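Keep in mind the model is a prediction, meaning the values are calculated, not measured. First the proteins, then the strands, lettered A, B, ... as listed; each starts at 1.
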Amino acid sequence: VATAEGAERRLPGRQIPVSQLVLWFFGAVLLAAVAASLGYGLITNTSRFIEVTFIGITNGSIFALVALGYTLVYGIIELINFAHGDNFMIGSFETHSIVTQGRFELPLYPTTFIFWIPLGTTAVASSSAGQRAWTIAMALFWSMLLCMTINVVIERIGYKPLRNQPRLAPLITAIGFSFLLQNIGLIWKSASPQPVPDILPKGNVFSTHGVAYSWEAFIVIAITIPLLVVLSWLVRSTKAGKAMRATAQDQDASAMMGINVDRTISFTFALGGALAGAAGTIYALSIGNTKFDVGFRLGLFAFTAAVLGGIGNLTGAVVGGLLLGLIAAYNDGEFLFSLGARWTTTVIFSLLILILVFKPSGILGEQTPEGQ
Amino acid sequence: VNYRAKEEAHLNRRTLLSVLVALIGAFALLAAGCGGDDEGGAEGTTGGAGGEAKTVKIVSDLPLQGSSADQTAQMNDAIQLYLEEIGNKVGDYTIEFEAFDDSTAAKGAWDEATCAANARKYVEDESIIGVIGTFNSGCAKIEVPIANEASLAYVSPANTATGLTHEGPGAEEGEPDKYYPTGTRNYARVVTSDDVQGEIDANYMKDELGITSVFILDDKDAYGKGVADAFELAANEIGLEVAGHEGWDANAQNYRALMTTIKESGADGIFIGGISCFNGGQLIKDKVAVVGDNEEVPTIVSDGFVQVSLFEEAGEENAEGLYGSAPTLNPEDLPGAGKEFNAKVQEQFGPPEVYTAYAVAALQMILAALEESDGTREGVTNALAGASADTVVGPITFDENGDPVDKFESIFQAKAGSWEFVEQVAAQ
């Protein structure tokens, strides 16, 4: 589809309208201004610029992890899984339980009955390095497992029966599940922020010329990058990945070729859920605070990141997430025309609108697996 | 060319975009919500038994659900306790009391629609001659104009927004006149307003803490921005350099980049205006991590942060040393009657909350106005300006705007998980 579209655009006789040219001109001017503003910051205040860049990359990595979940599911069944952000929140809550209570919790009937498995993983900032590492590993494992299960169950109950219905139907159930999960979180741990002890390693990886890079920020990246590598290997080089790509292209034909479509879709949701769980753990540990509504807020930003990068495109989700994190950090750090933190959300969404006006398919293009 | 596929792809993109826009809208609406647990508050009625005396009704309008639930429930309990003590009688009047709730469970805080509906309810019930409320300034801005048309008197135990009663730093365009469409004031409060808080905090920062350059942060909300603007104005007047003034986004995941801006500005002090449930814990955490601890870079927070819950949200070690101001007396400095009353509250309802005594003081001010009046709504409203009573928090007299004549703030400091009283500062 992608190539056919490109060819059609260049058919002789079809001219680019003047209004489009004017729009392009202004877009180019604006981009140049942004680049100049950032360049000025880099030259005049190098060390702080780099420090802010690190902050942006760290925050952006979390956006990227959540964005990947949106984009994976969209790529295969063209559904925006709005419950994904709240699934991420459940992951961060599970991490909170594992770190502070030392047990895996499953809120079956939240206020009166919580099923739990003792793990002995309670840790605080002063615990031994071994204990903290074990707690982090356990938190990552159990959160990923829980979110994976939730995502698969949601797909089976809420999306599968609606697979051949108009697209709006599963979209509405997705929004429904989003509120459901949010309320489970609300009853599970109440509406107040849940502080998570700071158990990530302290100190700096390196510190030169006034630029410090903390272990805390490094660990966010150190967990994110391997996850990304494994994910792209799964989708590109494994049999399951091949089945995913085939299913995305044509479900009926895939079924005729002997691919178990249901299982493939479940597998995709499991992958997405695992990413949400990992993001939840990383968020809870690095930010040190979580709340029942962080999923809605962060989910929206991550979804924006996915659209920004080109929804359905795995690399695009990462690019979009990092870009969003960087824009926010640069603006908070007053490197974008000295606008300051008061305008951060405005700046992010203005840029989103601009990018979509000029490139509706996102930065890297809407590249569902069928286009790869 | 596969036209159908193209069209469909196009359609998807449009659906996608419209959903995105709709969600951003929903996000903006939801963002106003504020944390807290969902404990319902007490509602109750104290009936009057008087025969020949005229029976009038006084109601309270407080957020009984959400983060302030414990405090507001105790305020209602204290009001009922006081009414029982005076036998539900003042002069020739028998007093009935009913508690109303201006919050919703979903929001866990005051709610615009509920506030408006409550005010209409009071206006319709002819027996109501006075309202103790509201707790939040934003809610008062909705209720007071509605009640103004019916000359129904409000006395707030906790509203601090400047613009409710007078022009000045922190007040918006057209305030306070837009809240009083009839031209007659029907509102007063027993606590000092934010313009004075900003001024006192600026002076305290310069003179007592020895700060030369301050960075100001606000939560972008009416109250927070109001008190921060008042602080900035006062700082400029007294020659305290303002290194910058920024707003923080309650929905951001962290504020580290913003804090590098503050560090860069070279400010040696920070003022924070706002309420702590707008992600205030994270803000304090990142401030300490990036800019330095509260001894190195002293920080004053406005009364919206002076809550025990801050210690859990920010971590005790990060909050340690914070200064906070609040328009309430040190419990130790209450007059004899107030101490006695607080002791009863302690015995029956647990440790007295900050605004409990002020709820009773608001009731006493309404009763004082009622005694002066002919028992009608208009009478009470007219008696409000200049009303004076010896309340549980000491003598209070309202000026022509409805503010207390004696204006002061108490300075508190965070120490090992509690707010310790430092000193009381009177307005200049």
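Separation of atoms CD (B:Gln253) and CG (A:Leu298) is listed at 5.5 Å; rounding is to 0.5 Å. B:Asn254 CG to A:Ile62 CD1: the interatomic distance, rounded to the nearest 0.5 Å, is 8.0 Å. B:Gln282 CD to A:Ile287 CD1: the interatomic distance, rounded to the nearest 0.5 Å, is 6.0 Å. Within the model, atoms CG of B:Asn251 and OG1 of A:Thr345 stand 7.5 Å from one another, a figure rounded to the nearest 0.5 Å.
The part of A:Tyr283 that comes within reach of chain B is its side chain, from C-beta onward, which places non-hydrogen atoms under 4.5 angstrom from that chain. For A:Leu339, the part lying under 4.5 angstrom from a heavy atom of chain B is the backbone only. Both the backbone and the side chain of A:Glu334 come within contact range of chain B, each with at least one heavy atom under 4.5 Å from a heavy atom of that chain.
In terms of heavy-atom pairs under 4.5 angstrom with chain B, the leader among A:Thr344, A:Val52, A:Ile55, A:Asn331 is A:Ile55. Between chain B and the residues A:Asp198, A:Val294, A:Thr58, A:Asn59, the most heavy-atom pairs under 4.5 angstrom are made by A:Asn59. When the candidates A:Phe63, A:Trp343, A:Phe54, A:Phe335 are compared by the number of heavy-atom contacts under 4.5 Å with chain B, A:Phe63 comes out ahead.
Identified by a heavy-atom distance below 4.5 Å to chain A, the contributing residues of residues 284-293 of chain B are B:Lys285, in residue-number order. Contacts from residues 255-262 of chain B to chain A, taken as heavy-atom pairs separated by less than 4.5 Å, involve B:Arg256, B:Ala257, B:Leu258, B:Thr260, B:Thr261 in sequence order. Residues of residues 312-322 of chain B that come closer than 4.5 Å to chain A, counting heavy atoms only, are B:Glu312, B:Glu313, ordered by residue number.
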Please lay out, stage by stage, how B:Lys263 and A:Arg48 fare under the test side chain to side chain contact (heavy atoms under 4.5 Å, CB included). CA-CA 10 Å; B:Lys263 198 177 176 190; A:Arg48 196 166 73 90; over 6 Å; no
Between B:Asp249 and A:Arg342, does a salt bridge (Lys or Arg N to Asp or Glu O under 4.0 Å) hold up when you go through it step by step? CA-CA 7 Å; B:Asp249 176 11; A:Arg342 202 178 288 278; over 6 Å; no
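A:Thr290 is linked by a side chain to side chain donor-acceptor pair (under 3.5 Å) to A:Ser92, counting only residues two or more places apart in sequence or in another chain.
Taking all atoms of both residues into account, the shortest heavy-atom contact from A:Ala341 to B:Gly247 is CB-O, 3.4 Å.
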